[in-house]
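The structure appears below as structure tokens.
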Amino acid sequence: ALLSCHRSYRSRPTHGIGRYKYLLPKEGPKRKKERVQMKEINPGTEFEFGDVNIQMTSYDLCLVEHFAQYVHRLCNRLGIRVTESYAMPTKTNEVLFLEERGSKMQLDAVLTTHQRVVQISGLSSTFAPILLETIQSSQPEGVHLLMKQHTEADFKSRLKSRPELEELLAQMS
Amino acid sequence: LCSFSSCSSWLPQRIPLRGNHWQSSLLTPRTALPVRAQPKKKKKVDVKREQAQKDRMKKKLKKLEKAAPELIPIEDFITPLKYSDGSRVRSLPPLSPEETERRVLLLKKWCLFKQRQDEAEKKAIQTLVESQQEALKELRLESEELYQAAIRRDEGLFPFEREGPTYTPPLPGYDPPEGKCVDITKVYTQ
């Protein structure tokens, strides 16, 4: 460490004069890669639900975002542990309709479907229907609500597909 | 070699091919009499080649598996480039004092309305929880077994699906035009 600086006159009293890295706080090891399955899927006990996904889907982005924020804040307020709150990839749909006189399909609109997911865990069995009731009563128009248990397939759907890997695996087996 | 291939293809043949004198009997078209020197070398080389191929594939597989899988980027969070142009600036007209006064009062009314709504929701949750606890207490006094069964989690609760309410009910006798939906989502591959 003493020799990491440029000046290295070991006999001189000014040896190690340019050192400063030892004064900076420790950074810690760099971890850039996204962990595949950092969170273990909690199966839950008999009196508690494990990981539950609250998925909100809609064509309107602002509505779905605000509703997701509301649900997250509600869970925070009620002491329910929110493990993750993320957005699923947007789906784009082109709506074509058949003209009245003619056989050509005409473009009507391009719709984008947005989905937000709030993942909670440790929901007690007695409180679950109350939470459901509260969320339902404040559900905005056009927002489709879906609550289900978290599975690995749900996690995998967020990841990019790897056709080369799949091809190789198919070839190997 | 060509006679080999014609016998190994499993085509239904009326007249069994007997041109191949390596074949011992009609009933076992796959097996053949042991062949001699030349083809053996090719077999060894084949085996080596196959092994080399397999090793290469395994190496490739390891390399691909090392790379961590990435999440699909979400288009909602990426601002399109046309909005990053700083030359377009909105100039708002100046507001009169009455207008500002009206807006401030409206904001205050809205705040009060939302506060009342929030309080009502909190109260509703509170009453629900209290009544539930009371009911469970009474049930426990009634019978321990039923209480235990009630405490358990409801498997039929999830998955739960519900469509949001609509502004208007569906029109009776509405005939929608024919058409289709085409999914044009961009597919990301790693």
Side-chain angles (χ1 to χ4, degrees), chain A residues 33-36 44-49 52 58 61 77-78 87-100 105 108 110-112 114 125-130 132-134 136-149 158-165 168-169 171-172, chain B residues 53-54 57-58 60-61 63-78 117-118 121-122 124-129 131-133 135-136 148 150-155 157-167 176-190:
Chain A
K33 61 169 186 182
E34 176 88 22
R35 291 292 153 89
V36 176
T45 64
E46 280 172 358
F47 310 111
E48 260 185 25
F49 289 95
V52 171
S58 173
L61 176 68
R77 203 163 16 118
L78 299 171
M88 293 289 278
T90 329
K91 295 194 179 117
T92 325
N93 273 322
E94 233 179 35
V95 180
L96 307 153
F97 74 94
L98 197 65
E99 282 178 52
E100 280 155 41
M105 289 289 218
D108 193 19
V110 178
L111 293 173
T112 47
H114 309 269
S125 50
T126 48
F127 193 68
I130 297 174
L132 229 70
E133 191 67 42
T134 320
Q136 268 185 81
S137 63
S138 56
Q139 198 178 350
E141 296 86 8
V143 173
H144 179 98
L145 177 71
L146 167 65
M147 284 177 83
K148 58 192 271 284
Q149 305 268 28
R158 286 174 79 193
L159 302 171
K160 283 189 190 165
S161 65
R162 297 160 113 186
E164 304 140 346
L165 190 70
L168 271 179
L169 280 169
Q171 270 188 346
M172 292 287 277
Chain B
Q53 249 189 349
K54 274 194 182 170
M57 271 170 55
K58 277 189 189 161
K60 254 196 198 173
L61 201 76
K63 226 186 169 179
L64 282 176
E65 276 185 345
K66 256 193 183 177
E70 293 162 22
L71 291 175
I72 300 175
I74 294 159
E75 291 152 17
D76 299 343
F77 301 151
I78 308 165
Q117 202 183 45
D118 200 40
E121 192 188 48
K122 281 189 185 144
I125 295 176
Q126 185 80 7
T127 44
L128 275 172
V129 167
S131 51
Q132 197 184 44
Q133 290 300 317
L136 282 172
Q148 288 298 329
I151 288 282
R152 273 162 191 276
R153 70 189 225 188
D154 185 9
E155 299 298 335
L157 196 58
F158 299 120
F160 172 76
E161 223 176 306
R162 187 183 178 242
E163 292 279 345
T166 48
Y167 281 110
E178 278 181 35
K180 62 178 179 185
C181 245
V182 178
D183 192 8
I184 50 169
T185 325
K186 189 174 169 189
V187 174
Y188 293 90
T189 49
Q190 189 170 6

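Letters A, B, ... are given to chains in the order of the sequence lines, protein chains preceding strands, and every chain is numbered from 1. Side chains included, hydrogens not; waters and symmetry mates left out as well; all remaining heavy atoms used.
- Ranking B/E155, B/K186, B/K180 against chain A, the residue ahead of the rest is B/K180, based on heavy-atom pairs under 4.5 Å.
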Inset, instruction - Starting from the C-alpha separation in whole Å, work towards a yes-or-no answer on side-chain contact (heavy atoms from CB on, under 4.5 Å) for B/I74 and A/T90. - result: CA-CA 6 Å; B/I74 294 159; A/T90 329; 4.3 Å; yes
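- Contact tally against chain A (heavy-atom pairs below 4.5 Å) for B/T166, B/L61, B/L128: the top residue is B/L61.
- Considering every non-hydrogen atom in both B/P177 and A/F97, the closest pair reads CB-CD1, 4.4 Å.
- For A/V95, the parts lying under 4.5 angstrom from a heavy atom of chain B are both the backbone and the side chain.
- For the atom pair CG of A/L168 and NZ of B/K63, the computed distance is 12.5 Å after rounding to the nearest 0.5 Å.
- With hydrogens and angles ignored, the 3.5 Å screen pairs no side-chain donor or acceptor of A/T92 with any backbone N or O of B/I184.
- Distance alone, capped at 3.5 Å, is enough to place a donor-acceptor pair between the A/R162 side chain and the B/L64 backbone.
- There is no contact between A/L111 and chain B, counting heavy-atom distances below 4.5 Å.
- Here A/S125 contributes atom OG and B/I151 contributes atom CD1; the two are 6.0 Å apart, rounded to the nearest 0.5 Å.
- No other option in B/E178, B/K122, B/K58, B/R152 has as many heavy-atom pairs under 4.5 Å with chain A as B/R152.
- For B/K60, the NZ atom is loosely surrounded, since the number of other residues' heavy atoms within 6.0 Å does not exceed 12.
- In this structure, the separation between CD on B/Q133 and OG1 on A/T126 is 6.0 Å, given to the nearest 0.5 Å.
- The structure places CD1 of A/I130 at 10.0 Å from CD of B/Q126, a figure rounded to the nearest 0.5 Å.
- Atom CG of B/L71 is separated from atom CE of A/M88 by 10.0 Å, given to the nearest 0.5 angstrom.
- When each of B/M57, B/K54, B/Q117, B/E75 is checked for heavy-atom pairs under 4.5 Å with chain A, B/M57 comes out on top.
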Inset, instruction - Please step through side-chain contact (heavy atoms from CB on, under 4.5 Å) for the pair B/E161 and A/H144, ending with a clear verdict. - result: CA-CA 8 Å; B/E161 223 176 306; A/H144 179 98; 3.0 Å; yes
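- When each of A/Q171, A/E164, A/R158, A/K148 is scored by its heavy-atom pairs under 4.5 Å with chain B, the top score falls to A/R158.
- Proximity to chain A is limited to the side chain of B/E121, based on heavy atoms less than 4.5 angstrom apart.
- For a residue to count as touching a neighbouring chain, one of its non-hydrogen atoms must lie under 4.5 Å from one of that chain's; by this rule B/I72 touches chain A with backbone and side chain alike.
- For A/K91, the NZ atom sits in a loose shell: 12 or fewer heavy atoms of surrounding residues, nucleotides or ligands are nearer than 6.0 Å.
- Each of B/V182, B/V187, B/I125, B/T189 has some count of heavy-atom pairs under 4.5 Å with chain A, and the biggest count is that of B/V182.
- For chain B, the nearby part of A/P140 is the backbone; its heavy atoms alone come within less than 4.5 Å.
- Residues meeting the side chain to side chain donor-acceptor pair (under 3.5 Å) test with A/Q136, sequence neighbours left out: B/R162.
- Contact of B/A67 with chain A is made through backbone and side chain together, with heavy-atom distances under 4.5 Å.
- For B/Q132, the part lying under 4.5 angstrom from a heavy atom of chain A is the side chain only.
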